[in-house]
Amino acid sequence: MDLDIEKYFDTINHDKLISILREHKNTLHLIQAFLKVGIMEDDLVKLNRLGVPQGEPLSPILSNIYLYKMDKEFEARGLHFMRYV
């Protein structure tokens, strides 16, 4: 199977990600702060509810957490796959 999730980082739903992370309460408040930082556009900070900042060290970790259940579903169906960025 070969999948390409177009604009993946830009479309991660914050509410769903937070729901997944609730299982890890120790770090949840830090991750929420990271997601609420916003995006600088035209010298103004724009708040966002979708996406994780690309190029930040935490973003690949969050993306892997977000897709973990999909990976487990593929494994349960006996599918062989490899995810990469």
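The same ILVMFWY cluster, assembled from side-chain heavy atoms under 4.5 Å apart, contains both Phe9 and Ile20. A chain of hydrophobic side-chain contacts below 4.5 Å, direct or via other Ile, Leu, Val, Met, Phe, Trp or Tyr residues, connects Ile18 to Leu58. The hydrophobic clustering, which links ILVMFWY residues whose side-chain heavy atoms are closer than 4.5 Å, places Met70 and Ile61 together. Cluster annotation: Leu50 and Leu67 are assigned to distinct hydrophobic clusters (Ile/Leu/Val/Met/Phe/Trp/Tyr, side-chain heavy-atom contacts under 4.5 Å, transitive).
Side chains of Phe74 and His80 form no contact here, defined as non-hydrogen atoms less than 4.5 Å apart. Two residues are said to be in side-chain contact when any heavy atoms from C-beta on lie closer than 4.5 Å; Arg49 and Leu35 fail this criterion. Contact check for Leu17 versus Leu21: side-chain heavy atoms found under the 4.5 Å cut-off. For the pair Ile12/Leu62, no side-chain contact is recorded, criterion being any heavy-atom separation below 4.5 Å from C-beta on.
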_One pair to check against side-chain contact (heavy atoms from CB on, under 4.5 Å): Lys36 and Leu47. What are the steps and the verdict?_
CA-CA 7 Å; Lys36 290 180 180 179; Leu47 299 179; over 6 Å; no
_Residue pair Glu73, Lys69: steps toward the salt bridge (Lys or Arg N to Asp or Glu O under 4.0 Å) verdict_ = CA-CA 6 Å; Glu73 180 64 29; Lys69 289 184 180 183; over 6 Å; no
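Separating the OH atom in Tyr66 from the NE2 atom in His14 is a distance of 9.5 Å, to the nearest 0.5 Å. Note that OG of Ser59 is 10.0 Å distant from OH of Tyr8, once rounded to the nearest 0.5 Å. Atom-to-atom distance recorded for Glu56:CD and Phe34:CZ is 5.0 Å, nearest 0.5 angstrom.
Under the rule for a side chain to side chain contact (heavy atoms under 4.5 Å, CB included), the partners of Glu41 that lie at least two apart in sequence or sit in another chain are Ile39, Lys46.
Of all non-hydrogen atoms in Pro60 and Ser63, the two that sit nearest each other are O-OG, 2.8 Å.
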